[in-house]
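Note sheet for the following structure.
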Protein chains: 2
Amino acid sequence: MSSTPTVYDVAERSGVSIATVSRVYRNPDSVREATREKVLAAARDLGYVPSGNARGLASRSTGVLGLCFPDYSDPDTESEAAAADADDDHAFMLYSDQIIRGMERAARRHGYALLIAASLSGGPESLVAKVAGRVDGFAVLARTVPTEDLEVISRRLPVVMLAGPRDPDGPDHLDHIEVANADGQRALTRHLIEDHGLRRLAFVGGVEDSPDAQARFDGYAAARQEAGLSVPRAPDVRPELMTQAEGARAVEALLDRAGAELPEGILFANDQMAIGALHALERRGLRVPEDVAVTGFDGIPLGRLVRPALTTVRQPMRRLGEEAVDLLVHRLGSSGTAAEPESRVLPVDVVRRESCGCGDVAG
Amino acid sequence: MSSTPTVYDVAERSGVSIATVSRVYRNPDSVREATREKVLAAARDLGYVPSGNARGLASRSTGVLGLCFPDYSDPDTESEAAAADADDDHAFMLYSDQIIRGMERAARRHGYALLIAASLSGGPESLVAKVAGRVDGFAVLARTVPTEDLEVISRRLPVVMLAGPRDPDGPDHLDHIEVANADGQRALTRHLIEDHGLRRLAFVGGVEDSPDAQARFDGYAAARQEAGLSVPRAPDVRPELMTQAEGARAVEALLDRAGAELPEGILFANDQMAIGALHALERRGLRVPEDVAVTGFDGIPLGRLVRPALTTVRQPMRRLGEEAVDLLVHRLGSSGTAAEPESRVLPVDVVRRESCGCGDVAG
DNA sequence: TACGGAAATGAAAGCGCATTCATCCTAGGT
DNA sequence: ACCTAGGATGAATGCGCTTTCATTTCCGTA
């Protein structure tokens, strides 16, 4: 335990050169069997484990991919965790968990390990830099890392931006993967209009600078236009945060404003708010979906558990992680080829449950 | 993008020595402000990101903790994932997910990043060695890594074994953390006996070599003894796998064997089997808990969703991850002090739900 | 204005491994 | 037995950074 053994120790003990020791690990077939055995035996005796750092330094590649995501104490995700009862807290996956899972699996398939780190919003030389220095390439959840940092880092290694549209001000040579926010919301809106025959609809948007929320609103607006309904220029309500509490408040505002002209359906830019709205509507004595249909967006697990179960649009977070790895691995493979930045959009699913008026459909 | 900039480049461009560049990142206060600015500016221009490998090599510490867990395609966890509908597949956390979450949070608090890797069961020089070479210390889920490998690795850096009792044949200088399997099962068994007045009980065990399952059986046996019931030497049924299918089969076997003497309660060594049993019992026209009580062990989220909701013992997997980090960080702090291997046991909770006869209790 | 000590900086020596290139064996061919 | 082509091995160098240790620069002070 005192001084950890190195190639030199193993080489000495087995009577070969360090080059041979190195070869035993890197390219076993290039060493005669007898020699190899000797070396491995010595290594075992000594408790030798190759230093990943040294190896990485010498071969300039780490065999590790990275993932940076927002700190859990981020208001957005925090509320998500708090949404479930304290008891359930640990039972449900956050987005980041799903992406981690997807990336880990995909990374493993390609022989990579995964380094994960939530960026503490403050930190000067944040974890991001640390991660960037230790991996061959990495993925970043949108708005986790300051654009300027990404600019610098992405010049050194491949970076793929996840979930969240390409930042026009950001580095333009970043790959990026997002989900079909607009398409999903549009499909869901059409479902309400066409299948349930609803016409008086309201849309509760998201925070000002969320491109995701904006894209969802656009999808909503597009569906209205296609249906010949009036095309709104902005969400009917635009809360500060996309939390349950804000969702509840939004619905109050909507009802107060509407008077007798209560909307037949309210679409929320995320599940959190929709669930908050469910509670608020219940308190007001309104039935969902009989009096008013409600839909969310995201497909969080909690949405399945509430009553009525929430109709929503599910994002394939797990696949997001997988695609990210694919992209990175591909970039790493065809090094030198400074190909065009790639941009992928993953399709989403409309999940019809009870809150829109569909029966108790599986899902 | 061609040649990534190094300290030398930054040093040259800013007219200082590489030592100063290094100091700017490592210990900014030891450099005059004007100098620092110069260096940072140059770094920005060049797109410089310190190499974690070089840093790690030189300072012999990585600032990274590791976690190795079994491959998802492991029969045990695989069935767990398959248990939920395909749709829910991504909605629920596996054990590993929860541990990852716990470790990531704790690691971040201590300024570490987390490197995760599922060990592909086969692999010669598995990922484990790779991980071991790149971290300051790491945690291993029981039975993920061959004992001999651990023996070697644990001589080089701190390793903590998770969930699963100390392996008597294994390295004796490993820290390890487990959950109170025996205590939990004992408490649950007592609940059935004392609170529900059940006396004809059966226990469905786990795979032969699972120390966890064994510990649970021991707890069951202990509770019987305390209650003055006959003390079994072995589980009434011991399936090959701890899957839903095996749980269903076990219950069939039990019923066929029992004839009219149907047990009043069946305790399963994990939730998976218990849930399988629920289905089997329903098919046989038996009501749970009226005709027979059923309990599981683990506290998987699915247990809350089945009807009747499953009474079980919940393991604090998340905390397991946190404690692991604490232990590792502590070891790393007091280096040199070859302290005694530490062994922690985390308490578990009995979660009373419907399947044991308790009302619709929260939890 | 000159002096002492602290703060700032530079020079140089590794950290542990991969990797040419050169050297040495080994085996096959005649 | 002798020569040669290849395969196995060794020597040496560098990867990019941290870290003493020595040196220089700076400040306040006499």
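Here the structure is a predicted model, which is why all the values come from computation and not from measurement.
- Inter-axis angle, ends of the helix from C:dT1-D:dA30 to C:dT30-D:dA1, five pairs per end, rounded to 10 degrees: 30°.
- The structure places CG of B:Leu162 at 11.0 Å from SG of B:Cys68, a figure rounded to the nearest 0.5 Å.
- Regarding A:Leu46, its CG atom lies at a distance of 11 Å from the P atom of C:dC17, rounded to whole Å.
- What separates CZ of B:Arg134 from P of C:dC17 is a distance of 12 Å, to the nearest Å.
- A distance of 10.5 Å separates OG1 of A:Thr35 from CG of A:Leu40, quoted to the nearest 0.5 Å.
- We find the CG-CG distance between B:Leu114 and A:Leu114 to be 10.0 Å, quoted to the nearest 0.5 Å.
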* Classify every nucleotide of nucleotides 10-17 of chain D by which part a protein heavy atom approaches to under 4.0 Å, writing B for the base, S for the sugar-phosphate alone and - for neither, in 5'-to-3' order. => BB--BBBB
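- Side-chain atoms of A:Leu67 and A:Leu115, non-hydrogen and from C-beta on, never get closer than 4.5 Å to each other.
- Rounded to an integer number of Å, the gap from A:Asp9 CG to C:dG16 C1' is 10 Å.
- One finds the CZ atom of A:Arg44 at 9.5 Å from the CG atom of B:Asp149 (value rounded to the nearest 0.5 Å).
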Tabulated below should be each protein N or O lying under 3.5 Å from an N or O of nucleotides 6-8 of chain C; please produce it.
none

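- For A:Tyr8 and A:Tyr48, the gap between ring centers reaches or exceeds 6.0 Å.
- A donor and an acceptor atom, one from each side chain of A:Arg60 and B:Asn53, are nowhere located under 3.5 Å apart.
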